[in-house]
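Below is one structure, written out as structure tokens, with a few remarks after it.
Quick caveat: nothing in here was measured; it's all calculated off a predicted structure.
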Amino acid sequence: MSTQPIIKKAIAYVTNKDELMVFTHTDFPDAGVQVPAGTVEESEEPSEAVLREVYEESGVKGVCIIELLGIYQYNMTPYRNEIQECYVYHLELTQSTYTTYLAALGNTSKYEQKPYSL
């Protein structure tokens, strides 16, 4: 049995018709194109965390969870001494939003959201 801590993560695939919400981290362009994701806090459920992460990284509150697509574990060794338990969700936009904008909500990093056609 592993002694590594299990860190829960929430990953959001947010769609609007035939587009997928993605962004680039303007402070770390080498990180590439990403979808909203982050750590589940101790006091929240993964479904709550995915909504929070979408808001923090895009500024968008108007989304609804369609379904939990799956859960998987990933061993981060040798980068970190942890196992990430990832909860992957499909969400849809429920409000109009900009197709491209910068958001820096809740932190000092900037994210540039860009729509991707599916």
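By the side-chain contact (heavy atoms from CB on, under 4.5 Å) test, Gln84 is found to be paired with Lys9, Met76, Arg80, Glu82, Cys86, residues two or more places apart in sequence or in another chain being considered.
In this structure, a donor-acceptor pair under 3.5 Å is present between the side chains of Asn75 and Gln4.
The cluster map of Ile, Leu, Val, Met, Phe, Trp and Tyr, joined by side-chain heavy atoms under 4.5 Å apart, puts Leu93 and Val50 in the same cluster. One hydrophobic cluster, built from ILVMFWY side chains closer than 4.5 Å, holds both Tyr13 and Val22. Grouping the Ile, Leu, Val, Met, Phe, Trp and Tyr side chains by contacts below 4.5 angstrom, directly or via other members, places Val88 apart from Val40.
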Which pairs would a plain distance check flag for residues 59-74, meaning a side-chain donor or acceptor within less than 3.5 Å of a matching protein atom at least two apart in sequence or in another chain?
residue : atom : partner : partner atom : Å
Gln73   : NE2  : Glu85   : OE2          : 2.9

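Taken to the nearest 0.5 Å, the CD1 atom of Ile7 stands 7.0 Å off from the OG1 atom of Thr39.
Across all their heavy atoms, Glu92 and His90 have their closest contact at CG-NE2, 4.0 Å. In terms of heavy atoms, Pro36 sits closest to Glu53 at CB-O, 4.2 Å. Contact record, Ala10 with Pro46: CB-O, 3.9 Å, taken as the closest heavy-atom pair. Between Glu57 and Ala37, the shortest heavy-atom contact is OE2-O, 2.8 Å.
The shortest distance between side-chain heavy atoms of Thr15 and Leu91 does not fall below 4.5 Å.
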Practice problem: May I have the step-by-step check of salt bridge (Lys or Arg N to Asp or Glu O under 4.0 Å) for Arg52 and Glu56, ending in yes or no? | Solution: CA-CA 6 Å; Arg52 177 181 51 76; Glu56 287 179 359; 3.3 Å; yes
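A donor-acceptor distance shorter than 3.5 angstrom exists from the side chain of Glu44 to the backbone of Glu41, with no hydrogens or angles considered.
More than 12 heavy atoms of other residues, nucleotides or ligands shown are found within 6.0 angstrom of OH on Tyr87.
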